[in-house]
Structure formats: structure tokens, C-alpha cells
Amino acid sequence: MGEILLKNAWVIDPISGINGEMMDIAMDGGRIVEYVSDKADVIDAEGFLTLPGGIDSHTHTSGTKVNFGRYMSPEDMRAGRTPKKGAMHVTSGYSVPTTYGNSYKYSALGYTSLVEGAMAPLEARHTHEEFAFTPLQDSFANVLFDGNWGMLGAIEEGDIKRAAAIIAWTISAVKGFAVKLTNPGGTEAWGFGKNVSCINQTMPRFDITPTEIIRSAIEANELLHLPHSVHLHCNNLGTPGNYTCTLGTFDIVPDLNDTRQTLYATHVQFHSYGGSGWSDFCSKSEPIAQKVNMRPQIVIDMGQVMFGRTTTMTADGPMEFNLYRLHHDKWSNHDVELETGSGIIPVNYRKKNLVNSIMWAIGLELALLVENPWQCLLATDNPNGAPFVKYPEVIALLMSKKYRDAEFATVHQDTGKRVPLPAIDRELTWHDIAVMTRAGQARALGITGVGKGYLLPGAEADIAVYPIRVDDIDPAQQYEEVIKGFSQTEYTIKRGRVVSRRGDALVHGENTTFWVKPNVPSEYDMTHDERFKEHFERYYSIRMSNYPVQEEYLHRNYCIRTETDLSTTHD
Amino acid sequence: MIIEDVPCPFCGCLCDDITLTIKNNRIVGVENCCVLGNAKYLSKQRLKHPIMRKEGKWVEVSFDEAIEETARILSGATRPLLYGWSGTYNEAQVTAVHLAEELGALIDSTTSVCHNPSILAIQEVGHPGCTLGQVKNRADLVIYWGCNPIEAHPRHLSRYTTYADGYFFENTVSDRKVVVVDVRESETAKIADEFIQVKPGGDYLILSALRAMVRGRGDVVPATVAGVKKEQLQRVVDLCQKARYGAVFFGLGVSMTRGKYKNIRNAIELVSELNRKTKFTISAMRGHYNVYGFNEVLTWMAGYPFAVDFSRGIAFYNPGETTVIDVLARKEPDACLVVASDPGAHFPKTCIEHMAAIPTIQIDPCVNPTTALCQVQIPVAITGIEVAGTAYRMDGVPIRMKKVVETEFPTDKQILDRICERVRELNGNG
Amino acid sequence: MTYTLNSGRVIPQGAFVEHKISQGYREATSVLFIHPMDLFQLGIESGDKVRVTSAAGSVVLRTEETETLREGCVFIALGPYANAITGGYSHGTGMPDYKAIPVEIEPTDDPVMTVWDLMEEIGGLRYDN
């Protein structure tokens, strides 16, 4: 982490208002600085496209269900084997690579920060163990609260502050970053094999609806001043006609935060379906995108589907079971006591399949129809829609109508009647892509304050240099060049060190886990709450004292402390 | 000094509510623990120094000499085997995987001779499972198949099933039904509401019959299946379909018999089928307290839960070929490192014969049958008593094991780190 | 006649896991549980010794009667005695046949070996210090 001078970088840095300028970037001690001495190592970026390090705001790379995806899929492991090479360890896996595999491949794509989309608190230690072996990216964990008995009980009692206190205790106990709701109400109902149909159905076990869970979690989240908003995987994922449920969900979201959205809705492609069944299944990307355009308090990510084999994995246990009944391939399920569920099945998205073709179109439509790129981020819900290695292709599709048309000609012939994609002419710009792959993520996650997502002095020196000369390429025509350029960085710099060069990882370490610790007044500290403790010891299968993730699991970490509005004097 | 909430380093239940009394750096009192854990906590026997065979005799040597000899043997081998791992913590297992990669070795764990077939079945059809607290709070039907928790996992019933306090139960004992399937009337069978005494090797047939009956095709099931009357099977099917939540636990009685992974596959498919009617889960009764941890570590590091061969430069997995029993039966390995397990006591004779014929090294706190097969043994601190570290309960819940007494002995990880470092030097990768 | 041998975990074996060289472990793992009718057919009584022979080898065990088994089925705690008659063939699965092993049983006056004896028989060296 000595001094480095990156010269001749053609920079797009949307947060800093830089849109294509030739610059020199100085780094020292892992941060971007104004100047370096003449002893600095000089790297010549040769006028290549230089962006802040990529940030994936919703991916599944670490933890219990990801590892079970590997465990149950030797066929996937065999599909991506690399030997030991230089600093790189052996890796396995295509759609669910080993931790080193994820880290090296993401780094080759210029990614320096990853948000694990769903961490069950009870099994958080596992996620953190895998973070430790994801050496080239900083890690953040969304913590699942959708079926959290403590939080749901407090919501049922109408006590939002208690709900917030339970969130605060849990999220800092498990060293998590944000509040995640996956099919709120549904995962708890799945404990007895049930589900909830949409946001207004009362849960079997608690006398509340998903609407109340979502609203209350949002209020609690803002009481705690967490950096990120509530991160929501809507009810009814994957079912025909679910777009009404999604629109209804977006309607109940208040606008409570001046600096970022109030709700992050993830993999919205899977929630934008019309039709009453699979026979009249169709795209409803237009009403969804219109709703997002009208509601600045919402940010979504695409959840793009790309064709080919992958593995689906989510905390949404009942959804995976339904998917299993469609595919009849292997099915794993893992319910987590008092907290959440999960399911895993392998899938193969095929062009010959009409539903799969429509899904592919919907993700692209969302990105093209949402006017503001800051409100629709690029992600595949890795690996659910596609493995993240497909990101360069997704970028190229968004930048080129010609490429979309060429692809469209190869999908199921009836797709055109069910989707608006062929009529959409918009082609995204380099700047749009920079927003949708890093700047937008940094802002939506609320982590610009810790130096993420931009390249001005003070920022973390996380930088991706792509072998693309923007002035020499017309992305609308030369989409192959775009794919190639984004597939492998010339340099990926993490915390002021070159960690990846032309696809090869060069060094290890320096990865940091970011977690939050709301400063809760003592009357709201669940550590000393008798009712909370009694309930915990009685119904969990482990002791409360053994639940928090110990410091040993955070060899390098950054704790984001927040001040809260829980103090009774605020009433 | 009293230490509460200590996780027990014995079986896969990983009970984390043990209270220990420590006096003069010794455990003098154990509360809440079963007889198995108790015996381990209060055990006094251990190997005091590293030992090495010289001219047909055991001699005491220094740790330095033992480590040097180990590194020399391993780095000089063309087909080294690294085996064991279930009785140590994840952080040491991680080093083991790096060592295997460095050596181009074959690495396998005790999984290979316990729930290996369960994993093969899961790789074919998946695994509808859950954490144990889910069973504790919800399961009104518990099926123990080919396992005998009262003797092998003594607190399983009181912590997680029949006798455990559960949210959805007024009276946990009377509101839950227990079915046991076994070839003998085990201690667990004696408390069952239904005991199905199956003829040895008949599990597959019974499972197929149950699946047919659940699918409404009882007409194809003969009057007796593997020694079990159809009427009894019908009663069990009725119990399953009436249950709000059924939890199947299976043991080595299913995985070790003929049919092996096909038995488990059949059981999993029965459970998947029952999920169309009600809620059902299935779980393996894992033996060692951290046998599952090794599966997790090797999976996130190399992609597979056991039996990984690094000799090709990539991680290669082919059970039946790269599994420890087969590789020993073929007499392939020319050196072997055993850590935290005891193949001398648990492998077929023909396999350990080969271990005795090649340079074998053991890292273990105790003298055990494997000691006799070794050239070198290095004693270490005991995980969960003298060393802290991560272990995974049989349901995948990771728990941090505690250090409750001080020790002079090095940890598994320290020894493995030193071996790894020395091997790198000897290989010219230092 | 041919019997079906199963092996498994039992409490006494588990409690001696850290003391596998002890008399207790030896006693816990070298007992053959057998139905009284089978003992009768063999013309011996509970506590008498038998030689148990499979395709993989043979071992001397002490009998103990139990009616928890079906006739024709015998049981032994897992351990070095069970393994002396377990083969290394895994049918390509990695898992040897630890259960349902066909064995012949005959009365014997030969001694029950110690664990060290078993290990030395296959080329090991006892550690007695």
C-alpha cells in the first residue's frame, strides 16, 4: 500500500461529476490522495476507461446456502476448475465458484466490494468465515429479518422501537450490514409448509401482514439511521401475475430519507410478471418501471436472467419448492429456526423456453425503461439469474440495440408477443453503466461516507482500469468489443494495491468486512432485556451467549456506528 | 471457576450448554453433559511428548524434530494422503487444505466412512433440511432411521426432539410421536411409538413401499416387506400424513448397508414427496462434533465436501476412486498424515495394513490404535477444551468452541502451519 | 450356518473413545451380541468365546445374549474387532460394507486378542510407555 500514481486514466466517476476526463490518480496508504512523491510506483493506464471499483449490491457468494449450492453440485464444480498459479489457489465451480474462485473472477471484472444478499443470523459465523477467504473484495452482509420472531412479535405489539432495538441487537451481534426481508411473512409460514400470497394476507403465526412487516421494518431501519435502506425481496417471487403485488408493495413505501432511497427492491425482474398462469405469462416491466420513475424513494436492481445453466438459491424456501415442482431436478431446503428459510435448485435458462425468454427480456426492459440509472442497478442476483461472469454481456446488451435485436432473433419465437423489448430503442451510455455498476450501488448502500464508489482524494483506492478506449469504440455497433473490454481489467486496484492484472490475481489479503453498530440507549439494549433473553433461551437451539459472532471472525473490519432515535426523550 | 455455555467437543449435537468447574487449571466438574462428553472432559490419559520410531523402537523426540521429519516425509512422497480432520476446528482444517494443495495430496475425512453416501445422495437429489431448533419447536413426528441417538447422540432427544421444550407444544412428550426403524431393538427403539424392525439390508424396500403408499399406490405393496407387515407401514404412512411437521433423522444403519447412497436417496425422495402433503425435513446424524465443519471448509475452498485429490493440479473429486478406503485398498499412498481421527480403530483391516507399511504420521492428543501404525506422532492441545475454534453442528450451525484451560501443547493449527511452511521451503516455494 | 453381522455405536464404546488401549474399550468392542436361540444352536452359553469369520478375515469375540436382535443377526460395537472382519471393497462408493456382513460363527477356546495384538498382527508397533 505504498504510493502509486495511475497516469493517463480516462475517468468516469459519476459521484464526483466526472464524465470522461483524462486524469492522473494518486494513491497512498490505501486511499486516493492529492499528490504522491516522485518515489511513487507509476502505472500507465494508457487512456483506458477507468472507473471506481465495481460494487455488487446484491450477490450470493458466501455462507450456508451458497456453500450448500457447491456441496450438492459436483457437476457445477467440475465446470470451472483452475489450477494453482502464482498467488492464486486452486478454484472450482462455474455458477457457484469456491470463495477463491469468486474472488479472483470478480476481481478480473473490476469488482472490489460485494454485498452478500442474504445471511441467516444464526449461521452468520459461516458467512464471515467465507468472507475471510474472499481476499480481493470488501464484504457486507444483508441480515435476514423476514421471519425473525423477536422482530415480528414487536411489530405485532405495535412497538416499532422494540422492533428497531431487536434489529440493532441482532445486526451488530452477527456483524451484519443491512436489514434484508425475503418474502416477509412467507418464510416463517414455510416453517409449516405454508406461504403468504401477497402483502395483505395475514400470517399464520403472527397476526400481521407483509405490509405491516415491510412498513415497520422501514420505520425501524430509519430510526436506527442505518447506512443502507431496507433491502427487500418481495413476496410472490416468480409467479405469473405477481407484478400487482410488486406495485402494491412499492405503493406502501414512504419517503423517509434525504440522502438515499427508503427501499431497495432487489431482483425486480423476478417480480414483474403478468398473466394468470404459465400459458399467458408476459412482461409487466412497463408498469413496474413507471412506478419506479414516479417514486424516487425506491431503488431496484435488475435481477437479469441470462441463458445457460446456473444455480438458484434464496432464503425464499416456499418459492424454491414451487420451482422444484416445475423442474423436478434436485431440491435442497434449509429452514432456520425463529429467523428464515432457504432453498436451492439448479436451473437451465433456455432460449427455446418461452418463459425463460420472457424473463431475459424483462430484466433488460427494466434497466431501459427506468429513466434514472441511479434507480436501477445492474445485477443478476448472482447466481440466480445468471453467474456474475455474464455482467459484461448484460452491459453490452444495454448499450446496443443491435446486439439486443441479434439476440432477440435467437430466443423463443413467441417472445415478441409477450414483451415490449423490441420496441425499446434506448442505448445506455458509458456513464449510465458506471452508475449502474458502482456509483449507484455506493449511494444506495450508503457507503460513500466510508470512501466507496468514487475517486476523489479521501476515497478508498479501489479502481478498475478496463482495456477500453472509449473514443475508439461505438458500443452500439461494436458490442463484442464492449464484452471483451469489461470481461477482464487491465488493472484492478484494491485499497491501493494492484490485485488483479489481465485476469490473474496477484496478491491476497487486505479485504475488510463492513458492519454496523447502532448506538442504542440502555433501555433498548436487548442484551439486558429479560423477556428477550427468556424467549431466546427457550426456543433457540443454541445459547444466547454463543450467538454473537466473535471478534475473531473479523480479522480486518470496519464498524459503522450510527446514532439512533430510540431514546425515550425524543418522544 | 465456573464456565457456562461451553460447547461440547464430542458428537455432532454440539450441545452448547455445558457448565464446567475448573480448579487449578483442571476440569473437576461437568454439568448438563452426557456420559460420552463427560468421559472426554474428565479424561486424563494423553501422549506427553512427540514420539518417533527409530530402529524399531519408540523414542521421545522434540516438536522440531517431529515436524521436520513429517515435512520431509510428506514433501518427498509422490502420493501423499492427508486424512482425518473431524476432531479439529475449521481454522486448522483450512491449513490442511492449503497443505494438500501445496503437496498435490489427496485429502479426505472421516466423512468418507460415515455419511459419504448421504452426501452422494444429496448430490443426486438435494436435501430438504432445517436447523435443529426448527424440529424442536415444530416437529410433532420424529423418525429415527438406522440410528440410535440414545447411545450415539445421547442428548439429541432432550435438546432437539422428543423431550425438548417446543414453541408449538403444550406437552412435548405426549404431543410428539416417535418412529424408530432399525434391525435391532436399540435403546431408542424402546421409547418409540412405532418400532419397525427391518431385516438387514431391507431399508430400500421399506422406503420404496412407503413412497408408493404416500403416492396412493399401496396396492402394489405386498403383505410383508423386508420382514415388516404392510399394516404397520400403513400406520406409519398415516402418522406421516397427519403430522404438521415430520422430521426424519437417519444414521449409519442406512448409509453403511448395501445400497448405500441409493438408500439415502430413497429416503430423501420420500421426504420430498411428503412435502407435497405436509412439512417434512430430513437430517443426517453426524458423528464427530466437527465432521460437518470439514465438509464445509473443503467445499468453500476446493468445491467438494470430501475426497479431494489435488494430484492433477486441480481439485478432483471422484468418490469410489478418490475416497480414502479405495485409495488404501489399492495401496496407492506412499505417505500418510492422520489428524484428529483414528483409522486404526475404524478402518477395515486391509486398509490399515497399508498404512502400517508406509510412513504414517499422526497428530493427535492421545495414544490410540493408529499410534501403532505410525512412524511419528505429535501430541497437540485438545480442541474445545484447550483451544478455541469453529465447529459445525450436524445441522450446519457454526459454533465457536471455547478454550477453558491453559495448555503447554501446541494447537493443530500451529503444527500444521509449521509443516506447511517447511514443506513450501523443501519444495522451493518458500 | 451363516449369520448377518451389523456394527454400530454403543455407549460403553463411546465412553472409552479417548482410551482405546484400555481394558474397558477392549471389552466394549469385542463383545458379539447374539440371540439366545442362536447360542443354543451353537451349543454354547452367553459369555463363551466364538471365532467369527468373514470373507475379509476372522476374529475371536466373547458372546453376550440379547433378544433385541432377530435370530440369525449378530451385532458388535464399531472398533478394531469389527474391522478385523470388514473388507476394503466399497462397490465404487468409498464406503466399505460395515453393516450386514455375512459371517460364519464357531465356538472356540482361542483368546480374545488385545487391540495392540490386532495392530501388530498387521504390521504395527505397540506404544506402551
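Below, chains carry the letters A, B, ... as their sequence lines are ordered, and counting in each starts from 1.
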So what's closer than 4.5 Å to chain C heavy atoms on [X]: side chain, backbone, both or neither?
X	value
Leu120(B)	side chain
Pro365(B)	neither
Lys260(B)	side chain
Arg46(B)	neither
Lys190(B)	side chain
Phe306(B)	neither
Ala345(B)	both
Cys114(B)	backbone
Val198(B)	backbone
Tyr261(B)	side chain

- Any chance you could lay out the side chain to side chain contact (heavy atoms under 4.5 Å, CB included) test for Leu373(B) and Ile122(C), step after step, and finish with the verdict? CA-CA 9 Å; Leu373(B) 312 177; Ile122(C) 56 147; 3.6 Å; yes
From [X] atom [atom1] to [Y] atom [atom2], the distance as rounded to the nearest 0.5 Å:
X	Y	atom1	atom2	result
Lys20(C)	Thr371(B)	NZ	OG1	9.0 Å
Met95(C)	Ser112(B)	CE	OG	7.5 Å
Arg184(B)	Arg70(C)	CZ	CZ	14.0 Å
Leu125(C)	Cys374(B)	CG	SG	10.5 Å
Asn368(B)	Glu18(C)	CG	CD	9.0 Å
Tyr89(C)	Asp326(B)	OH	CG	9.5 Å

- Item | Sole residue of Gln197(B), Glu185(B), Glu187(B) in side chain to side chain contact (heavy atoms under 4.5 Å, CB included) with Thr68(C) | Glu185(B)
- Task: Check each atom of Glu121(C) against the heavy atoms of chain B and say whether the ones under 4.5 Å are side chain, backbone, both or neither.
- Result: side chain
- Partner chain C: residue of Asp182(B), Val367(B), Thr370(B) with the largest heavy-atom pair count (under 4.5 Å): Val367(B)
- Query: Looking at Gly57(C), Ala100(C), Gly87(C), which one has more heavy-atom pairs under 4.5 Å with chain B than the rest?
  - Reply: Gly87(C)
- Message: Set out, in order, the CA-CA distance, both residues' side-chain angles and the distance that settles side chain to side chain contact (heavy atoms under 4.5 Å, CB included) for Gln45(B) and His19(C), then state yes or no.
- Response: CA-CA 7 Å; Gln45(B) 181 264 354; His19(C) 302 86; 3.7 Å; yes
